[in-house]
2 protein chains.
Amino acid sequence: MKISKEHNERKNEILNTAERLFSIKGYERCTVNDILNAVGIAKGTFYYYFKSKEEVLDAIIDRVTEIVIVRADKVASNPELSPIMKILYTILSMKIESEVDNEFLDQLHKPENALMHQKSLSSIVTRVTPILVKVVEEGISQGIFKSDHPAQYMKIFLTSSITLLDDGIFELNPEEQRLTLRALVALLEKMLGVEDELFWNVAKQYWT
Amino acid sequence: MKISKEHNERKNEILNTAERLFSIKGYERCTVNDILNAVGIAKGTFYYYFKSKEEVLDAIIDRVTEIVIVRADKVASNPELSPIMKILYTILSMKIESEVDNEFLDQLHKPENALMHQKSLSSIVTRVTPILVKVVEEGISQGIFKSDHPAQYMKIFLTSSITLLDDGIFELNPEEQRLTLRALVALLEKMLGVEDELFWNVAKQYWT
DNA sequence: AATTTTAGACCGACGGTCGGTCTATATTAA
DNA sequence: TTAATATAGACCGACCGTCGGTCTAAAATT
C-alpha cells in the first residue's frame with residue numbers, strides 16, 4: 001500500500017522515529033531496516049529523503065543542539081539575571097531533563113555510541129562556548145569576573161564536563177560524580193576569578 | 001602442555017599489521033580482509049587468535065597505553081626531578097612523537113575514528129591520572145602545590161587536553177592550538193595553586 | 001595419534017542502489 | 001466543459017556488494 005505525505009512531514013516522521021530508535025538501541029545497533037519498519041516505509045523512501053544513515057544522525061544532533069542553544073540563549077539574554085546566575089543556569093540548562101530528548105541524551109552516553117557522542121560533543125561545545133563567553137565578558141566588564149582566557153576556559157570546561165559527566169565512558173558512581181561536579185565548579189570559580197565556593201553555594205542545591 | 005613461542009609471534013604480527021593499517025585507513029574503514037591480506041593469512045587464522053576485530057583494537061590500545069604509562073612512570077619515579085618538572089615532563093611525554101606509534105596516535109584523532117578515540121581516551125586518562133595524582137600529592141606534602149581536588153583536577157586536565165588537542169574533533173589551527181595550550185597550562189597552575197606563569201615559562205620552550 | 005594451527009569457502013546482516021510505479025496536479029485537445 | 005495526456009515527485013522493494021564472523025577439514029607440530 002502506498003501512503004503519500006507532505007515532504008517535510010515525512011522527513012520529520014523519519015527523524016522522530018530514528019531519534020526514538022537511536023535512543024533505545026543506540027545508533028550503531030539500530031538498522032536502517034529498523035527505521036523503515038517503524039515508520040512503515042520502504043528502503044527507497046528512506047534514501048529518497050536522506051542519502052545515508054549518518055545523515056539522519058547529523059540531522060538529529062542538529063535538532064537536539066538547537067534545543068540546547070535556544071535554552072542557553074534564553075538564559076544568557078535575560079536582563080534580570082546577573083552574570084553569575086547566567087553562567088550557572090546556562091550550565092544547568094544543559095543537564096536538566098527535557099520531556100522529549102531525554103532518552104536521546106541518555107543514550108548519547110552509552111559507550112558503544114562513540115560516534116553519536118563525539119558529534120554531539122563537538123556540536124554543543126562549538127555552539128555553547130560563544131554564549132558562555134559573552135556572559136563572561138559581560139561579567140568582566142562589570143568587574144565581577146576576571147579571566148585571562150575566557151574562550152579557551154569555557155571550551156575546556158564544557159568539554160571536560162560533558163565527557164566526564166554525561167558519558168558512559170568513565171562509569172562514575174554517584175559519589176564520584178558528586179566529587180567530579182564539585183571539582184568542576186571549583187575550577188569554574190578559578191577560571192572566572194571569583195571567590196571560592198561562590199558558584200558552589202548556589203549550585204549544590206540544584207544538583208545533589 | 002606445549003608452550004608455543006610461535007603463537008605470540010603470530011599474534012604480534014597481526015597486531016603490528018593491524019596497528020599500521022588502522023593508522024593509515026582508520027579503524028572503521030580498515031577491513032578484516034585488509035589485515036588478512038597484509039599479514040598474508042586466512043580468515044580462520046585471524047579468528048583463531050582474536051575473537052573479533054574490536055578485540056584487536058582493544059589489544060592495540062592496551063599496547064599504546066602501556067608505552068605511555070611506562071614513559072610517565074619513568075618520569076614520575078625519577079628522584080632527580082622536582083614535582084614541578086615531573087608534572088611537566090609527564091604531560092610532555094604524552095605528546096612527544098615516538099617512532100612507531102606516532103601514525104597511530106595521529107589517526108586516533110580523525111573524527112571518523114570515534115570509537116578508537118574514546119577507548120584510548122578512557123584508557124589513558126584512567127591509567128595516567130593516578131600517576132599524576134601521586135606527583136601532585138608529593139608536591140603538596142613538600143608545600144609546593146596546593147590543591148583541593150587533585151584526582152578530579154588531573155582527570156579534568158587530561159580529558160580536556162586530549163580531547164581538545166589530540167583530536168580531529170575541533171580542527172584547531174596552529175594559533176588556536178597555541179591559545180588552547182596556553183589556557184590549559186594556566187589552568188594547571190590554578191589547579192595546583194602555584195604562581196602564574198610558573199609552568200608556562202618552562203613549558204613554552206618545549207611546545208611552540 | 002593427538003593436538004594445535006592454518007586455510008578459505010561460506011553465511012547472514014547490513015547499508016545503500018536502482019528501475020520503475022503510483023497519484024495528484026497541470027496542460028492540452030476535443 | 002470535459003476528457004485525454006503529460007509532468008513531477010513521493011514511494012516501492014528486489015537487488016547488490018561488502019563486511020564481520022563461522023565452520024569444517026586439512027596441514028603441521030608434538
Side-chain angles (χ1 to χ4, degrees), chain A residues 1-22 24-61 107 110-116 118-119, chain B residues 1-22 24-61 107 110-116 118-119:
Chain A
M1 211 229 295
K2 179 166 167 171
I3 303 165
S4 251
K5 298 205 174 172
E6 207 67 36
H7 188 90
N8 265 353
E9 190 184 342
R10 187 56 107 195
K11 193 162 183 175
N12 278 320
E13 201 181 353
I14 295 173
L15 243 27
N16 293 336
T17 307
E19 182 173 330
R20 211 187 71 237
L21 291 183
F22 289 172
I24 298 166
K25 318 183 61 172
Y27 172 71
E28 312 281 1
R29 271 199 299 281
C30 175
T31 311
V32 171
N33 271 312
D34 290 340
I35 302 173
L36 306 183
N37 292 335
V39 182
I41 55 171
K43 253 303 174 49
T45 309
F46 178 92
Y47 282 98
Y48 174 72
Y49 286 96
F50 300 95
K51 56 188 259 298
S52 69
K53 184 185 164 190
E54 191 167 347
E55 194 177 284
V56 175
L57 176 61
D58 288 338
I60 292 176
I61 284 177
Q107 187 63 31
K110 296 281 174 61
E112 59 269 27
N113 290 324
L115 182 64
M116 231 161 110
Q118 183 164 314
K119 280 179 184 253
Chain B
M1 177 61 95
K2 88 168 172 187
I3 290 189
S4 158
K5 189 179 164 196
E6 218 67 54
H7 185 91
N8 267 346
E9 241 164 66
R10 227 334 162 236
K11 194 162 181 172
N12 278 322
E13 201 180 352
I14 295 173
L15 244 27
N16 293 336
T17 307
E19 182 173 331
R20 210 188 71 238
L21 290 184
F22 289 172
I24 299 165
K25 318 184 58 172
Y27 172 71
E28 313 280 0
R29 270 199 300 280
C30 174
T31 312
V32 172
N33 270 313
D34 290 340
I35 302 173
L36 306 183
N37 293 336
V39 183
I41 56 171
K43 263 278 175 69
T45 311
F46 178 92
Y47 281 98
Y48 173 74
Y49 287 97
F50 299 94
K51 56 190 259 295
S52 70
K53 182 186 167 190
E54 192 167 348
E55 193 177 285
V56 175
L57 176 61
D58 288 337
I60 292 175
I61 284 177
Q107 188 61 31
K110 297 280 174 62
E112 58 270 27
N113 290 324
L115 182 64
M116 230 161 111
Q118 183 163 318
K119 280 183 185 248

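Residue numbers start from 1 in every chain, and the chains themselves are labelled A, B, ... in the order their sequence lines are given, proteins ahead of strands.
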Atom pairs and distances, donor-acceptor, side-chain atoms in residues 34-42 of chain A, under 3.5 Å, two or more places apart:
residue : atom : partner : partner atom : Å
A/D34   : OD2  : A/K25   : NZ           : 2.9
A/D34   : OD2  : A/T31   : N            : 3.0
A/D34   : OD2  : A/T31   : OG1          : 3.4
A/N37   : ND2  : A/N33   : O            : 3.3

[atom1] of [X] versus [atom2] of [N]: gap in Å, rounded?
{"X": "B/I35", "N": "D/dC19", "atom1": "CD1", "atom2": "P", "answer": "12 Å"}
{"X": "A/K51", "N": "C/dG16", "atom1": "NZ", "atom2": "C1'", "answer": "12 Å"}
{"X": "B/L57", "N": "D/dG20", "atom1": "CG", "atom2": "C1'", "answer": "14 Å"}
{"X": "A/R10", "N": "C/dA24", "atom1": "CZ", "atom2": "C1'", "answer": "16 Å"}
{"X": "B/I14", "N": "C/dT6", "atom1": "CD1", "atom2": "C1'", "answer": "11 Å"}
{"X": "B/E55", "N": "D/dG20", "atom1": "CD", "atom2": "P", "answer": "15 Å"}
{"X": "B/Y48", "N": "D/dA28", "atom1": "OH", "atom2": "P", "answer": "16 Å"}
{"X": "B/N37", "N": "D/dG20", "atom1": "CG", "atom2": "C1'", "answer": "15 Å"}

Mapping A/F46 and B/G40 to their closest nucleotides on DNA chain C, which lands nearer the 5' end?
B/G40
Is the phosphate of D/dG21 approached by B/Y47 (side-chain N or O, under 4.0 Å from OP1 or OP2)?
yes
State which of C/dG15, C/dT6, C/dG8 makes the closest approach to the side chain of B/T45.
C/dT6
Holding to side-chain hydrogen bond (donor to acceptor under 3.5 Å, both in side chains), I want the full list of residues that pass it with B/E13, two or more places apart in sequence or in another chain.
B/R10
The criterion is side-chain hydrogen bond (donor to acceptor under 3.5 Å, both in side chains); which residues satisfy it with A/E55, sequence neighbours excluded?
none
Expected string for nucleotides 9-14 of chain C under the B/S/- scheme (protein heavy atoms, under 4.0 Å, primed atoms plus P, OP1, OP2 as sugar-phosphate) is B----S
If you draw the axis of the six-membered ring of A/Y27, does the NZ or CZ of A/K53 fall within 45° of it and under 6.0 Å from the ring centre?
yes
Only counting residues at least two apart or in another chain, list the ones meeting ring-ring contact (aromatic ring centres under 6.0 Å, His included) with A/F50.
none
Contact check, side chains of B/V32 and B/Y47, non-hydrogen atoms, under 4.5 Å:
yes
For residues 36-47 of chain B, pull every pair meeting salt bridge (charged side-chain N to carboxylate O under 4.0 Å, His left out), keeping only residues two or more places apart or in separate chains.
none
